[in-house]
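Shown next, in structure tokens, is the structure this report addresses.
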Amino acid sequence: MIKNNMYSEAKQTLSRLVAEGYLSAAEKGELSKTEIAEPAVEVPKDSRFGDLSSNFALSMAKPLRMAPRKIAEIIVSNMKRNALFSSYSVDGPGFINAFLGPEWYASVLETASAMSDRYGYDDIGKGQKVMVEFVSANPTGPMHLGNARGGVLGDSLSSVLERAGYRVSREFYVNDAGNQVDLYGKSVEARYIQQLKGEDSFPFPENGYHGDDIKERAAELIAEHGDEYLNMDAEKRQKLMREYGIKKNIELMRADLARYKVEYDTWFYESSLHENGEVKETVDILKKNGMLYEKDGALWFKGTLFGMEKDEVIVKSNGFYTYYAVDIAYHRNKFLKRGFDKVVDVFGADHHGHVIRFKAGMQALGIDPSKLDFVLYQLVDLQRNGESVRMSKRTGKVITLSNLLDEISVDAVRFFFNSRQNESHLEFDLDLAVKEDSDNPVYYVQYAHARICTMLKKLAEAGLFPSKAEETDIGLLSEQAEKALIKQIAMLPEEIRLAARDYEPFRLTRYLVELATAFHSFYTEVRIKDAEEKTARARLMLCDVTRSVLSNVLSMLKISAPEQM
RNA sequence: GCGCCCGUAGCUCAGCUGGAUAGAGCGUUGGACUCCGACUCCAAAGGCCGCAGAUUCGAAUUCUGUCGGGCGUACCA
């Protein structure tokens, strides 16, 4: 057990003290005896009501048939003192509130300082193997803005899960087989011939891909091979073009993602599932399990058995597998062939239909569907000149990832795409993003870090250094702004725990802003240089711990922590 | 039609398993640098939490209905 979650510890302690206070009062006959649940403890919104609060007395009003405030007063008078808390009080309708004491503040700073970059780690993952699959864009063209959000989200989520004690593998699933890929090959072929023999020489496939990138691929092929494919057998030519284009696109995607600091452990190819027979193997098992039946010449999956609205085709009447069949085989591979304990699929919300379908597939194979989780994020609403820009990959109207990075920094993109709840629509105002000024909170957070760095440096030149955590007299840090900053530092482990539990890495960008705010307030209200030396050094130590936490979380999110700006 | 997601301040969004006077940023208004970085801070104004019921001592939060927006509902992926 990694012990660095001081808030959690204080909450548990208070919960225990309240329960014991009740039992003691019940023993003495001051309150009637009854079964009790573990008292809930939370951090009140308004710090005037203390640092921690329990609504236990309110919830006991009914069973005890007594005014909640009265119950609270009796419990508090029976509660033992504890070193973590300086005092208890009863407020409002009957909340039991506790104020954190010097010992708690000291332990926060000592822990954060001693653990340094490891501060905030948790072990709720217990070393389980978890795969996070994200982006998985079709390799039929460049990635767009939606992929950027998915990329940042999946990557940040992976980092959060690592901090929470999981062994994480990042995976990109490459759809390099099937209809869309064939169509892509034909599109390149058409452009190739058109570029050599004129626009009207060859019909462009219906529903083909119109993006400029297709023309670029064709031009590359001409540059390298001239017209040598012109008289080739069409099927063979399409295969060549397809393979060339897909390979090239994957290289481009890999490079684009790398610019965003997204690196994968595995690029998993759909085609490999066909080649090694796993798709057939999976379908055979489904058949053997009695999950399939024949109708209209196709093979159907009994999805309705698992809560799906209707059954789905697994093998088409032309003998080809549907994507659904391949998806089931792929997820079977994740669990059974590679032994992941947990799999998280990060999808755009337009894929939400996959949730029940994939889970149904797992159930039909006898795999516990609760091991498969989904993170759905709403697509990005791109705004330009105050209007939504509609995008379509097939018509070639896209803002690509690399376009985006040409305009704004990686730091801003990573921060921005990770600053909204997954299922909220994310409005991306291009005009605002392009401005690249301090409207973006990433600069606010980075400024806090830079400010501390230069201050530490400047004061060190004047011979003033931070005191060591264990030598710091915490009593010297008693200003409101100082306590608020320490409390914010103490929140990190809890934020990481919740971000991992709920798959919400955006919590950490929000946390960074709150921490920076607490620091900036502290900086404005509390002087260091002019203070008495021991106090000054204690305050510097607090600054140094703040710097360390800022840099720690920024690096976890792969956002730079500049020492000066 | 059916299913999923979202409706909170002028705008963009928080609000944890129900709790105290619903918060933040931007914007607006007014203040704060002879000072360790003003890319900062402090304060004010601004809300029938889409609407209507229900449960509860207590609802932005749970349930039902309803209106508005997005998405899905192919032998496409």
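Letters go in sequence order (proteins before strands), and every chain restarts at 1. These numbers were taken from a predicted model, which means no experiment stands behind them.
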For A:Arg420 and B:G25, what is the distance between atoms CZ and P respectively, to the nearest whole Å?
14 Å

Taking only the P atom of each, what is the distance from B:G23 to B:A9 in whole angstrom?
14 Å

Can you list everything that forms a side-chain contact (heavy atoms from CB on, under 4.5 Å) with A:Arg69? Sequence neighbours excluded, please.
A:Glu73, A:Val90

Taking the same atom, C1', in B:A44 and in B:G27, what whole-Å distance lies between them?
14 Å

Could you state the atom-to-atom distance from CZ of A:Phe519 to C1' of B:C39 in whole Å?
13 Å

Between atom CD in A:Glu514 and atom P in B:C13, what is the gap in whole Å?
18 Å

Taking atom C1' in both B:C2 and B:G58, compute the distance separating them and give it to the nearest angstrom.
36 Å

Please tabulate the protein-to-nucleotide N/O contacts below 3.5 Å involving nucleotides 17-19 of chain B, giving atom names and distances.
{"unit_1": "B:G19", "atom_1": "N7", "unit_2": "A:Asn55", "atom_2": "ND2", "d": "2.7"}

Check this for me: does the side-chain of A:His352 come within 3.5 Å of the base of B:G3 through a donor and an acceptor?
yes

Whole-Å distance between B:C75 P and A:Asp296 CG?
10 Å

Could you go through the side-chain hydrogen bond (donor to acceptor under 3.5 Å, both in side chains) check for A:Asp91 and A:Ser89 one step at a time?
CA-CA 6 Å; A:Asp91 295 290; A:Ser89 67; 2.8 Å; yes

Does A:Ser53 place a side-chain N or O at less than 4.0 Å from the phosphate oxygens OP1/OP2 of B:A20?
no

Going by the salt bridge (Lys or Arg N to Asp or Glu O under 4.0 Å) test, which pairs reach into residues 531-543 of chain A, not counting sequence neighbours?
A:Glu482-A:Arg539

Under the side-chain hydrogen bond (donor to acceptor under 3.5 Å, both in side chains) test, residues paired with A:Arg510 that sit two or more places apart
none

Between B:G7 and B:G50 - C1' atom distance, rounded Å
6 Å

We want to know whether A:Asn175 and A:Gln180 form a side-chain donor-acceptor pair, criterion being a heavy-atom distance below 3.5 angstrom.
no

Using the test side-chain hydrogen bond (donor to acceptor under 3.5 Å, both in side chains), find all partners of A:Asp530 that sit at least two apart in sequence or belong to another chain.
A:Arg527

For RNA chain B, what residues of residues 308-325 of chain A have any heavy atom nearer than 4.0 Å?
A:Glu309, A:Lys310, A:Val313, A:Lys316, A:Ser317, A:Tyr323

Quick check: A:Phe95 with A:Phe49 (ring centres under 6.0 Å apart)?
no

In whole angstrom, what separates A:Phe347's CZ from B:C4's P?
19 Å

Between A:Ala516 and A:Ser419, whichever has its closest RNA chain B nucleotide further toward 5' is A:Ser419

Rounded C1' spacing from B:C75 to B:C67 in Å:
38 Å

Those residues that, when tested against A:Lys487, pass salt bridge (charged side-chain N to carboxylate O under 4.0 Å, His left out) (two or more places apart)
A:Asp51

For A:Gln238, what residues pass the side-chain contact (heavy atoms from CB on, under 4.5 Å) criterion, not counting sequence neighbours?
A:Lys186, A:Glu189, A:Ala234

For B:C49, is chi within 90° of 0 (syn) or not (anti)?
anti

Cation-pi check for A:Tyr523 against A:Arg451: NZ or CZ below 6.0 Å from the six-membered ring centre and within 45 degrees of the axis, yes or no?
yes

Should the pair A:Glu563-A:Lys457 be classified as a salt bridge under the 4.0 Å nitrogen-to-oxygen rule?
no

Can you give me the dot-bracket string for RNA chain B, 5' to 3', counting Watson-Crick and G-U wobble pairs with both distances under 3.5 Å, using [ ] for crossing pairs and | for partners on another strand?
(((((((..((((.....[...)))).(((((.......))))).....(((((..]....))))))))))))....

A:His354 near the nucleic acid: base, sugar-phosphate alone, or nothing, with a heavy-atom cut-off under 4.0 Å?
base

Need one value for A:Ala61: base, sugar-phosphate or nothing, where a base atom within 4.0 Å counts as base even if backbone is also close, heavy atoms only.
nothing

Should A:Asp122 and A:Arg501 count as an ion pair when the cut-off is N to O under 4.0 Å?
no

Touch class at under 4.0 angstrom, heavy-atom based, for A:Arg357 against every strand present:
base

By nearest atom, which of the nucleotides B:G15, B:U40, B:A20 is closest to the A:Tyr444 side chain?
B:U40

Side chain to side chain donor-acceptor pair (under 3.5 Å): which pairs involve residues 346-358 of chain A, sequence neighbours left out?
A:Glu312-A:Arg357

Rounded distance in Å between the P positions of B:U64 and B:C26
39 Å

In whole Å, what separates the C1' atom of B:A77 from that of B:G72?
14 Å

Once you round it to whole Å, what is the distance between P of B:G25 and CD of A:Gln421?
19 Å

Distance criterion of 3.5 Å, no angle test: do you see the side chain of A:Asn97 paired donor-to-acceptor with the base of B:A20?
yes

Could you tell me how the ring of A:Tyr324 sits relative to the ring of A:Phe358: parallel (under 30°), tilted (30 to 60°) or perpendicular (over 60°)?
parallel

Would you mind reading off the distance between A:Arg507 atom CZ and B:G15 atom C1', rounded to a whole angstrom?
10 Å

Mind telling me whether A:Phe56 and A:Tyr22 have parallel, tilted or perpendicular rings, with 30° and 60° as the class edges?
perpendicular

Just jot down the salt bridge (charged side-chain N to carboxylate O under 4.0 Å, His left out) partners of A:Asp213, sequence neighbours excluded, or say none.
none

For B:G10 versus B:U28, give the span between their P atoms, rounded off to a whole number of Å.
16 Å

Listed pairs, N/O of protein and of nucleotides 35-38 of chain B, under 3.5 Å:
{"unit_1": "B:C35", "atom_1": "O2'", "unit_2": "A:Arg527", "atom_2": "NH1", "d": "3.2"}
{"unit_1": "B:C36", "atom_1": "OP1", "unit_2": "A:Lys529", "atom_2": "NZ", "d": "2.9"}
{"unit_1": "B:C36", "atom_1": "O2", "unit_2": "A:Lys529", "atom_2": "N", "d": "3.3"}
{"unit_1": "B:C36", "atom_1": "N3", "unit_2": "A:Ile528", "atom_2": "N", "d": "3.2"}
{"unit_1": "B:C36", "atom_1": "N4", "unit_2": "A:Tyr523", "atom_2": "O", "d": "3.0"}
{"unit_1": "B:C36", "atom_1": "N4", "unit_2": "A:Val526", "atom_2": "O", "d": "2.6"}
{"unit_1": "B:G37", "atom_1": "OP2", "unit_2": "A:Lys458", "atom_2": "NZ", "d": "2.1"}
{"unit_1": "B:G37", "atom_1": "O2'", "unit_2": "A:Tyr447", "atom_2": "OH", "d": "2.1"}
{"unit_1": "B:G37", "atom_1": "O2'", "unit_2": "A:Arg451", "atom_2": "NE", "d": "3.1"}
{"unit_1": "B:G37", "atom_1": "N7", "unit_2": "A:Thr454", "atom_2": "OG1", "d": "2.2"}
{"unit_1": "B:A38", "atom_1": "OP2", "unit_2": "A:Arg451", "atom_2": "NH2", "d": "2.4"}

Between B:C76 (P) and A:Gln180 (CD): distance, integer Å
10 Å

What contact category does A:Asp327 fall into here, base, sugar-phosphate, or nothing, at under 4.0 angstrom with non-hydrogen atoms?
nothing

OP1 or OP2 of B:A77 versus the side-chain N and O atoms of A:Asn175: is any pair under 4.0 Å?
no

